[in-house]
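Only one structure is covered here, and it is reproduced in the block below.
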Amino acid sequence: MARITAETPPFVVAALRERELTFRNSKQLHEAYFTNLGGDGRRGGAIDAALREAYSSTAVWDAQFRASALGLGGGSGWVVLALELDTGGLRTLGSGHHTQALAAGLPLLVLDMYEHSYHLDFGAAPTRYIDAFFANVRWDEVNRRFECGQRAATAVHG
Ligand SMILES: [Fe+2]
């Protein structure tokens with residue numbers, strides 16, 4: 001990327017920029033995914049209350065997150081619970097590609113729905129993988145991200 005100049009063909013620059021975004025997001029989302037795993041799956045803390053407030057009940061949010069994940073089953077992509085920094089709102093997103101992201105979104109909970117993440121263990125049964133994911137979420141890490149994000153959102157929108 002550092003070798004891009006005014007003489008670099010535009011189609012090469014465009015392709016390099018697309019690859020840069022794909023790999024940067026892939027790295028970021030994989031790190032967030034692995035570090036929000038390793039827990040006991042018991043949700044609590046500020047994020048639990050915020051989900052209840054945003055979605056009327058945590059069961060509604062849970063169903064929407066799982067449905068978003070199943071929508072990617074057999075395909076590939078990410079499901080992300082994000083904090084939208086310009087509004088301070090929680091958003092549940094399905095991303096079919098590493099480059100589809102909420103521009104002002106801070107990932108709080110990330111689920112890898114690329115087949116490589118579950119096919120060896122669960123085959124064509126993404127529901128079992130999603131169950132296993134939720135049983136192992138580190139909600140203390142999600143809460144840490146949420147609390148950091150709330151401070152950032154306050155700084156962004158006051
Ligand atoms: Fe992955």
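Each ligand, and each atom within it, is numbered from 1 in the order the structure gives.
In summary, Arg144 and Asp140 do not engage in a salt bridge, as defined by a charged side-chain N under 4.0 Å from a carboxylate O. Ion pairing between a basic and an acidic side chain is recognised when a charged N comes within 4.0 Å of a carboxylate O; Asp131 and Arg66 show such pairing. Salt bridge Arg145/Glu141: present, at least one basic N to carboxylate O contact under 4.0 Å.
Note on the Fe ion (ligand 1): protein N/O/S atoms under 2.8 Å are His30 NE2, Asp112 OD2, His116 NE2.
Atom CD of Glu20 has more than 12 heavy atoms from other residues, nucleotides or ligands within 6.0 Å.
For the ring-ring contact (aromatic ring centres under 6.0 Å, His included) criterion with Tyr114, the lone passing option out of His97, His119, His98 is His98.
Hydrophobic clustering keeps Leu21 apart from Leu29 (ILVMFWY residues linked when any side-chain heavy atoms are closer than 4.5 Å, directly or through intermediates).
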